[in-house]
Every structure is written in structure tokens, then in C-alpha cells.
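In what follows, a single structure is set out as C-alpha cells and then discussed.
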Amino acid sequence: MLQKGVFDVEKIRQDFPILQRKVMGGKPLVYLDNAATTQKPLSVINAISDYYTNYNSNIHRAVHQMAEEATIAYEETRKKIAKFINAKSTDEIIFTRNTTEAINLVAYSWGRANVKKDDRVVITEIEHHSNIVPWQILTQEKGAKLEYVGVGDDGYLKMHEYRNYLDSNKVKLVSVSQMSNVLGTITPVNEIIRSSHEKGIPVLIDGAQSVPHMPVDVQKLDCDFMAFSAHKMLGPTGVGVLYVKRDILEKMPPFMGGGDMIKEVHKYETRYNDLPYKFEGGTPNIADVIGFSAAIDYLDNLGMDRVREHEIDITKYALDRISGVKGVTVYGPANAKDRGGVVSFNIGDIHPHDLATIMNDHGIAIRSGHHCAQVLMERLDVAATSRASFYIYNTKQEVDKFIEALDEARRLFKI
Amino acid sequence: MLQKGVFDVEKIRQDFPILQRKVMGGKPLVYLDNAATTQKPLSVINAISDYYTNYNSNIHRAVHQMAEEATIAYEETRKKIAKFINAKSTDEIIFTRNTTEAINLVAYSWGRANVKKDDRVVITEIEHHSNIVPWQILTQEKGAKLEYVGVGDDGYLKMHEYRNYLDSNKVKLVSVSQMSNVLGTITPVNEIIRSSHEKGIPVLIDGAQSVPHMPVDVQKLDCDFMAFSAHKMLGPTGVGVLYVKRDILEKMPPFMGGGDMIKEVHKYETRYNDLPYKFEGGTPNIADVIGFSAAIDYLDNLGMDRVREHEIDITKYALDRISGVKGVTVYGPANAKDRGGVVSFNIGDIHPHDLATIMNDHGIAIRSGHHCAQVLMERLDVAATSRASFYIYNTKQEVDKFIEALDEARRLFKI
Amino acid sequence: MSDDIYREIILDHYRNPRNKGKMAEADVSIHDSNPLCGDEIDIHLKVDGDKIKDIKFEGRGCAISQASASMLTEMVMNKPLTSVKDLTKDDILENIGLMNLGPARIKCALLSLKVLKLGMVKYYADRDPDSAKKLQEDSRTL
Amino acid sequence: MSDDIYREIILDHYRNPRNKGKMAEADVSIHDSNPLCGDEIDIHLKVDGDKIKDIKFEGRGCAISQASASMLTEMVMNKPLTSVKDLTKDDILENIGLMNLGPARIKCALLSLKVLKLGMVKYYADRDPDSAKKLQEDSRTL
Ligand SMILES: Cc1ncc(COP(=O)(O)O)c(C=O)c1O
Ligand SMILES: Cc1ncc(COP(=O)(O)O)c(C=O)c1O
């Protein structure tokens, strides 16, 4: 079964108009930059066009027909997302621009109200800058301390360091990625959340890489905050989601002040709106939230279990093949079951930027650089890595092309 | 000439697919809710589809061909906007989600660094909640004071109150809308900016209603901050702009921490990126920024002078006609030259929400409520108003239909 | 459609609201507003044993919200709390004869019920925390 | 295309960079990085009257950025400051023989020039504020 793939990738590819594209003067596009952003199926593109063509209107505050239609479509998306991650209530789903804004919202609103001098915020060495810089800013402002759980050479978190931090009894928040965008490591969030909660410490899960690629259930996880981005899961750019458990959300002060997030504004005082609107100031990104709805439908239809299975399958194949290439160092867990569909590596003294340029000549889009994870780069003692990352429409033949291009790079650089 | 209209509205209407739509079981759509959000020409819808169909990619941090194409298109939009409002440099143009986020960015970054206990922030009674609530939050946090310049019964700002505040020598910031979204009042921003600057006080202009509807030149105005939203000027939802004079921007601390806004991240310190990227954390709303580019082209092509002329023309006509309807009270300046294309009113004891429902029966979309301006509602001593607002595609025949529907409402309510 | 909504009886309750005004020594008073349109309703209750002995409302807003509030007060006056507790969205819409409102206008029609439920949350808070909790949940769906 | 970029001479400068290393008692040292890829360049200058008497660079990054830095040091060694001040983007691209780079890779090729200009900004800051300002502007366009 796994031989033939867990679902019909050729059929899926037909839903993605961009995959018909030729690049670099006629080469078929091989898109292996999915951890940065994924491509969009026609249904998502059409949902956005349909909105602008048929019922574009500002929402929530008007009674005309199009405003109603737009409001319903916008709020239906919220319901769909609540269901997708199994939130208890739609009130716990806040739309942001992206994962980055979602985490900043927590840092500004919850963080400034709860983190005090000498408190600790615990993150890890594998975090994306979006889950580092907001905490640097917060802890510096408050005179609190930022602590990093290390990562071993094998790509796994050093859980004893984490437990030591907890034992200090000074930790106010743990914020950790469920899947590394560089190493692919799937982190033991169940254990992290359970042991943090034993100490009464809330946990934020950066789900930017996990929610698009595997089944995620916030109630089962019991996480307190979860952040992710639509554009990394077939959806449009400009939409992110912040999930917050209701009892925490109810106590959070507002973040952005403005229209839509208020109930009553008087000159010197304001009553804020009900959840979740209190946290959505100003005209939202209506069209793209509605577009995101179609993306969720697409993934639901495939089934997240099968998405995960497909990625294990192709990642395993890629790891097998790349390990046969001379001069290659691969980062992250060796076992494909412990990692997402992300393969970061270096080859000889070829800088990743140069490698990406050579790949591009072959129509292959990979990413190179620090992947917004410079703390991890310092830990790995490299300036940068190359990264190939997969999604539902990638095939083993594409992996083969990628390996061929690696050989070509070796030829050019005489390695 | 003005008789026939300043440009060919029938031709313009053909560029807007939604205007072909029928609502409420077959009635042609009469869209008079443009101050809330405008409709989008086909060129904007196509620019977004084209991006997703042909070169969707994350930007700034990759070397493959699509990433380059996307980066160029994104940055070209920045240039176009800089030119549209005549900013000195593209570095002064920051993309946000909307006007609301733009103003919050200033309140969080500039405001928290500069506003101290007992300082004053001066706004006006005509402000939108987006230009009130961020300053309430800031001044409450800092123990500073928020002051309101009043508005007269004639719809004009009480400039002597403004001058009195300036004379107190405690003002740290003036933040004022260039055009009221309720009264239509065009405020004397030239005078406000000049006299504030004499005291060394920076001025933020809320351009959410002005930039879409008249020529705006930030260098001529000499304003320090300017905020506006793409969705109110033919562009997509999810994109706003904050303009900040470079010498001020250079001193502002970052707002959202995360990817793209950094140069180097180390465990305990970070070097922020060059302007304007320092203020754009996380994956931006790439597709919609690119869509906005097509909107700017459309407006440039018409010419903002002519857009303004058309609106004066149609507003004058609407004011003339509505003043003949029994029981109507119109708010704001009597002279169409002193106001934007916004007509707020009440009629008898018909609540605006009820009026909007009746209008909707006729296929007419107007807005009703407090228009996110409750301070102004309190000043006018009304719970709400109805509002018809115009844009480039509205015709005098549509105004006629609107007046007919008003008569129908009077019949139903026996006024 | 508007002809169906703005019938004689709605306009009558809008222009001549029943049980409108302040109340001296209310057992519970509660206020809420509809963020969509700014409509406001205050409800004051006098409770006698297990019965609503008196109810008054104050408010401003559209014909639908005000007429609905007026009709609600008539509906629950002198009724046992237990029956009022279970009032649903549909009960209200049937009572005012507006089963086909769109989602925006439904909020107007249901605002007074929401405020009444919130008032009972307050009333039950110490007396019967379970009912209070259930009513709180209920009010969120309105 | 890659064949045009990764020619013998580029790989040679990448693997055997000229004038690479630290400098004792530099008149100016300056560091910058390319936020796109994390490439880093430090430049150290010794200035003698109106001339660059010695230049060294340190850095890490791609073949293009490092080869370009290496070639830049050879290009400006012993040259008068006035001529170095006016170096343009095109001068560099011609020097390294890469006129057709896309916008992302151009940043790599120009990083060392940017750092050199910023170094001269520092050098001129007190001596000749006007030149410093002009160089600052220049560096922004790179
Ligand atoms: C004057 C004014 N300021 C600010 C805003 C807020 O704009 P947005 O909702 O796009 O943030 C609006 C529009 O609603 C407005 O009219
Ligand atoms: C693990 C992780 N966290 C956060 C982010 C930031 O996401 P966004 O740029 O959509 O805010 C990313 C993606 O770049 C990521 O991979």
C-alpha cells in the first residue's frame, strides 16, 4: 500500500494550478519549500475570487444582505477551525495575520500582565525567531529571564534541562514548537504540557509546522495557547490563528484597540467586546479567512492522518536517498516517524545559498539560510543549511530530481 | 462637464464584477457602503489569483525564481505606495493589516517610548474607535491624559480648543482624522500640523477616509505618521499602511518580534533589521499587498483629483435631494466641498438599523449604527445614524433610488 | 419583507413600550448592549419566591430590539423563574412573530432575552451556581 | 546559468580568499550582515592620508559574497579614498563578472561593498560629514 502512496498524488496535483507551471525557461516546477509556505488549491483561489466577485462587504456591523453573507462565511470559518483542532468553543479562536502575530499577542497581552521581574520564560534552542524575539522583548522589559532547553546532536530536546527549569519554581510560561522547521523534530509536547501543568504553568504550542502536517487536538494536548498560519496549510497569506483556552482568554487584557473589539466606547473608558472579538481590532482580513475555509475543507477531505502518513513515506525515501550522496550532512532525528517532512542538510563546502541557486537552475525550489532559527544555527555551528520540505503534492520522482541536482552541484564545485 | 460627470462611470462600473450582481431576489445592487469597505475591480481580483496561480512563494529569504518574483512584486507595491502619497523613501512605508494595526503600532512602539505620566495626547470627538482606544490604553498605562478637541454643531472642529491644549505645553502627540467617517468633515490638518510642529509635537493623521478619496501628499502635509487601509480604496482586505517619517521611525523600538524583522538573533540579544522590515514581523500578507498594487494603478489611472471631483459632485446631489425629504436630519458640514462623500442622517423615529433593513429590501446597501464613532454619537446625542457613502462607481440614478427607498420607509413607519 | 417585519404590533410596542422605566429597589439590575449596532437594554427584576413579581426595561435601539424587549416583559411578568430560565431563541421569535430574520437582525430581537438571562445569572450566582452556569452558557449562544 | 556563476575564478576566491583575516590597529572596523541569508562580512581598513593603505575582511557566507569580498579588497587596495567613495553596484558586478544575478543573489555580491561604504561613513563621520551622509545614502541602495 505505502508503495503506491497513501493517496493519489497525481490527482491532488491537478488541483494546484501552480504545479503546471514551468520555471527557468521551461523546467517543470519542483516545489520543495513547503515549510516556508505551501501552494494553494484552486478551491482556495476561487473562494477568494468568489468573495470579491459576489459578496465583498465589511462584516459584523451592518444589516445589508452582503454584509450578512460575508459575516456568516467569516464566522463559519471560525467554527471550522475550532473543529479542525478540536477546540471546545469558537470563542477560543482568534484570527491574526500569522503565527508571529499570534505569539506576539500572547506576549503583549498575557505576558505583560503575568510575567514579573525574575520570572522565567522557557523556550528551546530549536525555536523559530517568532517564538524567540517576542519573549526576548518581554523578558527584557520585565527584568525576567529567558531560558533555553537545549537540543542534542541527535535532534531531540534535552528533557532533563527542561525538568531542571521547572524545578526552579520560577517559570511563568513554557513556549515550544511542536515541530521544528529545520530539524523536523516532533517535540514531546504531551509530556511538556503534563509536567508544566503539574506546576500550574501554562504552555504555548507553536503549531506553525505541526498543524499543517499532522492531526492536532488541543483538548487532548490540553495546551493553553496554540499558534499557526493559514499560508503553511494551503490557505492564503495574511491569516493566522491563535487558540487560547477560554478561562485564560477571559482574563487577558486587549491587544489592539479599535473598531470591532469594543462593546461601548466613551471618552475615557471602554467596555470591550465579547470573546473572541475583543482580540480582533479593526476590519479583519475577511477574504482570506474565507479562503482559509476552503483550505481546511481540502485537508479535512484528505484526512490529516493520511497527510502525515504520506509525509513519513516521502521523508523516509528522501532521507534514504540523500544519505547516499557523498559529502552530505543531514540534521535532525534519523527516524522519519519522529520528524516532519523537512530535510535540512549541508554538502561539502557549498554554501546553501549557492546550492539553492544551482537547484533553481533545475526548476527546484528549496530554501537555504538560517530559516529564522539562528539560535539553532549557532547550536549546530553552521551559518546556514539547505532545506527541502514536502507536502501532499510532492512525489518520489521529485525527490529523485532533487538528488540529481545535488550531484550536479557536486560536479560544479568539484566535490 | 460636471453635468455628465467627471469621468465615465458606466465604463468604470464594468470593471467591477460585483456591480452586476442582483440581491434580494433580483434587485440590482446599489452599493452605498463605501466608507466601510469599497468594491474591487477585476484587476485586483486577478492580481491575487495570478499570484497564487503563478508565483506564490514566501519572500525575502529565498533564492528560487518564484521567491524572487514574489519579492519583487511585493516591494514594487511599496514603491508604488510611497509614490502615491509622495513619501520621500520606501523605507517609510510599513505594511500592516489595516489602519487599526497601524495606529496601534504607533501607540505601542512610539507611544510607550515617548508618552510619560501627565503628558497629554490630543485627539478629537470625531475620531473612529481605532484612533481612540489605542490612546485610551496608552494613556491609562502611562498615567497620561487623553484630551478631545470638540466638534461644533456645524460639523467643524473647535480649533480654539485645540490651540488651548497646545498652549498647555504638555501635549506629546496629536492624532486626528483627515476626514470623518460619519460627518464627512475634512479637517484642517495643514493648520493642525503646522501649529503642532511649532511646539515640536508630532502629528498622526488617520487617513483611512482621506487617502482613498482625495489627493494626499505626506511631504506637503509634513505629517509625522499617516495610517490607511487598502480595503477602503479598491484593495483587498488584510492590508494597511503606516507611513512614518524616517527620522522618527529610526528611533522607534520594534513592535512585533519574529521572522523577517531581525538581522541577527542570538540567545539573549537581537539586532533588528533595516527599515522598514524591522516593523514587519512574520510572513507578510504577500498576495494582498500585491493585489493592492493593482488598486493603486486603478486609482492612479483615474487621477485622485478627478476621484475627488466626482465625489463632490455626487455628494452635492445627494445632500440636495435628501434635504427635501420630510423628517430628515443630516449631520456634518453643509458645503460639499468641505466634506467627503459621506452622508449621515436620521429620519423621524426610524432607527437606522430598521432603515437599513428597509433599504436592503430595495437592494440598497447602506450602513447604520455608531460607525465605530460612539464618542461622536454621544456628542450628537443619538444612538446611531444611517450613512450612505459614495465612490467612483456610484451614480446619481443610484442616489435617486436611495431617495425613493427613504420615501418607502416613511410610508411603513407612517411618518 | 419589511412589510412583514414592521407590522402594526411591532410599531406599537416600539412607540408605546410596556413596562418601560426605572425600578426602585430592584432585586437584580443588568445592562448589556449589542456591539453590532449599539442597541442597549437594561432589565430590572423584582423576584418573589420563585416568581418574577415585576419587570421593567430601559433601552434604546431599533424597533425590533425595543419591541422585542417590551413584548418579553409582558411574556414573563408573574411567571415562575423555572419557566423563564428555559426560554429559547425560538420562543422569543415566535412571540414577536418574526421567524425569518437574518443573522444581524436576530441579534436585535434576542438582546433583551440575553440581558434577562444575564440578570438571572446574577440572581442565581450564590443561590444556585449550577443554574447560573447553565444560564451563562445559554446567554452566549444568543 | 550556474555554470556562468560558479566559474573557476569565483571558486578560487571563495576557497582561497585574498586579504582575509584580522587586522591589528585598524583605523576603521565595521560589520554587517545580509538579513536574507545571514552572510556576514567584517571589513578592517588602514587609511594613510587619502589612501587605503591596507584592507582585510573576515566573513562567512556563500561563494558569491565571499569571492566578491575577496575581489573587492584587491580592487581597492592602495587606491585613493575619493575613487573608492564613488564605487557603484555596477563596478562591483563587472569586477566579479556577474552582470546577470537576480535580486536575491545581487545582495550577496554587494554585501562587501555595503560594508566598505559603511566603514567609510564611520571614517568620514567627523572628518567630512557631507561625504559621510552621502555614503550612508549610497549604502542604503545596496
Ligand atoms: C476614519 C477611520 N479610521 C479608522 C478606520 C479603521 O479602519 P480599519 O478597520 O481598516 O482598521 C476607519 C474605517 O472603518 C475609519 O473610517
Ligand atoms: C516553527 C515556526 N514558527 C513560526 C513561524 C512563523 O510563521 P509566520 O511567518 O507565518 O508568522 C514559522 C514559519 O516560518 C515556523 O516554521
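Order of the sequence lines sets the chain letters (A, B, ...), proteins ahead of strands, with each chain counted from 1. Treat the numbers as computed from the prediction; the structure is a model and nothing was measured.
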Cut-off 4.5 Å, heavy atoms of chain B, and the answer for A:M377 is neither

Applying a strict 4.5 Å limit to non-hydrogen atoms, the region of B:N360 in contact with chain A is side chain

Residues passing the side chain to side chain donor-acceptor pair (under 3.5 Å) test with B:D15, sequence neighbours excluded, are B:Y298

Residues 131-140 of chain A vs chain B, non-hydrogen distance cutoff under 4.5 Å, contacting residues -> A:I132, A:V133, A:P134, A:Q136, A:I137, A:Q140

* To do: Spell out, as yes or no, whether a donor-acceptor pair under 3.5 Å connects the side chain of A:S109 to the backbone of A:F255.
  => no

Applying a strict 4.5 Å limit to non-hydrogen atoms, the region of A:H266 in contact with chain B is both

Okay, B:M359 and chain A: the region with an atom under 4.5 Å from a heavy atom over there is neither

Across all chains, not counting sequence neighbours, the side chain to side chain donor-acceptor pair (under 3.5 Å) partners of B:S229 are B:T99

Review point. Got a donor-acceptor contact below 3.5 angstrom from the B:H129 side chain to the B:Q374 backbone?
Key: yes

Item to check | Distance flag, aromatic centroids of B:F292 and B:F95, threshold under 6.0 Å | outcome: no

Applying a strict 4.5 Å limit to non-hydrogen atoms, the region of B:I366 in contact with chain A is backbone

Pair count under 4.5 Å, heavy atoms only, with chain B: among A:L105, A:I45, A:L146, highest is A:I45

Bottom line for A:N56: the part with an atom under 4.5 Å from chain B's heavy atoms is both

Ranked by heavy-atom pairs below 4.5 Å to chain A, first place among B:D260, B:V23, B:N104 goes to B:N104

Output yes when B:K267 and A:E378 qualify as a salt bridge under the 4.0 Å nitrogen-oxygen rule, no when they do not. no

Turns out that what part of B:E127 lies under 4.5 Å from chain A's heavy atoms comes down to neither

When the 4.5 angstrom heavy-atom criterion is applied to B:P284 and chain A, the contacting part is backbone

So, the part of B:I262 with a heavy atom under 4.5 Å from chain A: the answer is side chain

Run the side-chain hydrogen bond (donor to acceptor under 3.5 Å, both in side chains) check on B:H353 and B:S368 step by step: do they pass?
CA-CA 5 Å; B:H353 239 49; B:S368 56; 3.1 Å; yes

Heaviest contributor of heavy-atom pairs below 4.5 Å to chain B, chosen from A:V265, A:D361, A:V375, is A:V265

Looking only at A:G240, A:A373, A:S49, most heavy-atom pairs under 4.5 Å shared with chain B are made by A:S49

Ranking A:Q20, A:E125, A:H128 by heavy-atom pairs under 4.5 Å to chain B gives rank one to A:E125

Residues pairing under ring pair (Phe, Tyr, Trp, His ring centres under 6.0 Å) where one sits in residues 18-57 of chain B, two or more places apart or in two chains, turn out to be B:Y51-B:Y55

B:T53 backbone acceptor or donor facing A:K40 side chain under 3.5 Å: no

Honestly, the part of B:R112 sitting under 4.5 Å from a heavy atom of chain A is side chain

Turns out that what part of B:P254 lies under 4.5 Å from chain A's heavy atoms comes down to both

Answer key: most heavy-atom pairs under 4.5 Å with chain B among A:P236, A:A67, A:G363 is A:P236

Honestly, the part of B:R97 sitting under 4.5 Å from a heavy atom of chain A is both

Practice prompt. Determine, stepwise, if the pair A:D50 / A:N54 fulfils side-chain hydrogen bond (donor to acceptor under 3.5 Å, both in side chains).
Written response: CA-CA 6 Å; A:D50 179 47; A:N54 289 309; 2.5 Å; yes

Residue pair A:T71 / A:E68, side-chain donor-acceptor N/O under 3.5 Å: no

Requested in this report: Kindly indicate, with the supporting measurements, whether the criterion side-chain contact (heavy atoms from CB on, under 4.5 Å) is fulfilled by B:Y148 and B:R379.
Outcome: CA-CA 11 Å; B:Y148 288 82; B:R379 166 64 185 82; over 6 Å; no

Under 4.5 Å to a heavy atom of chain A? For B:I286 that would be both

The interface call for B:D33 against chain A, heavy-atom contacts under 4.5 Å, is side chain

Please tell me whether A:Y272 and A:F279 form a close aromatic pair, meaning their ring centres lie under 6.0 Å apart.
no

d(A:H64 NE2, B:T357 OG1) to nearest 0.5 Å is 11.0 Å

Honestly, the part of B:Y108 sitting under 4.5 Å from a heavy atom of chain A is side chain

Report yes or no: does B:T124 contribute a side-chain atom to a donor-acceptor pair with the main-chain N or O of B:V149 at less than 3.5 Å?
no

Distance col, row B:N98:CG vs B:N285:CG, nearest 0.5 angstrom, shows 11.0 Å

*asked:* I want to check something: taking the side chain as every heavy atom from C-beta on, are A:I48 and A:D288 in contact at a cut-off of under 4.5 Å?
replied: yes

Note: vs chain B, highest number of non-hydrogen pairs under 4.5 angstrom among A:I364, A:T283, A:T270, A:I103 is A:T283

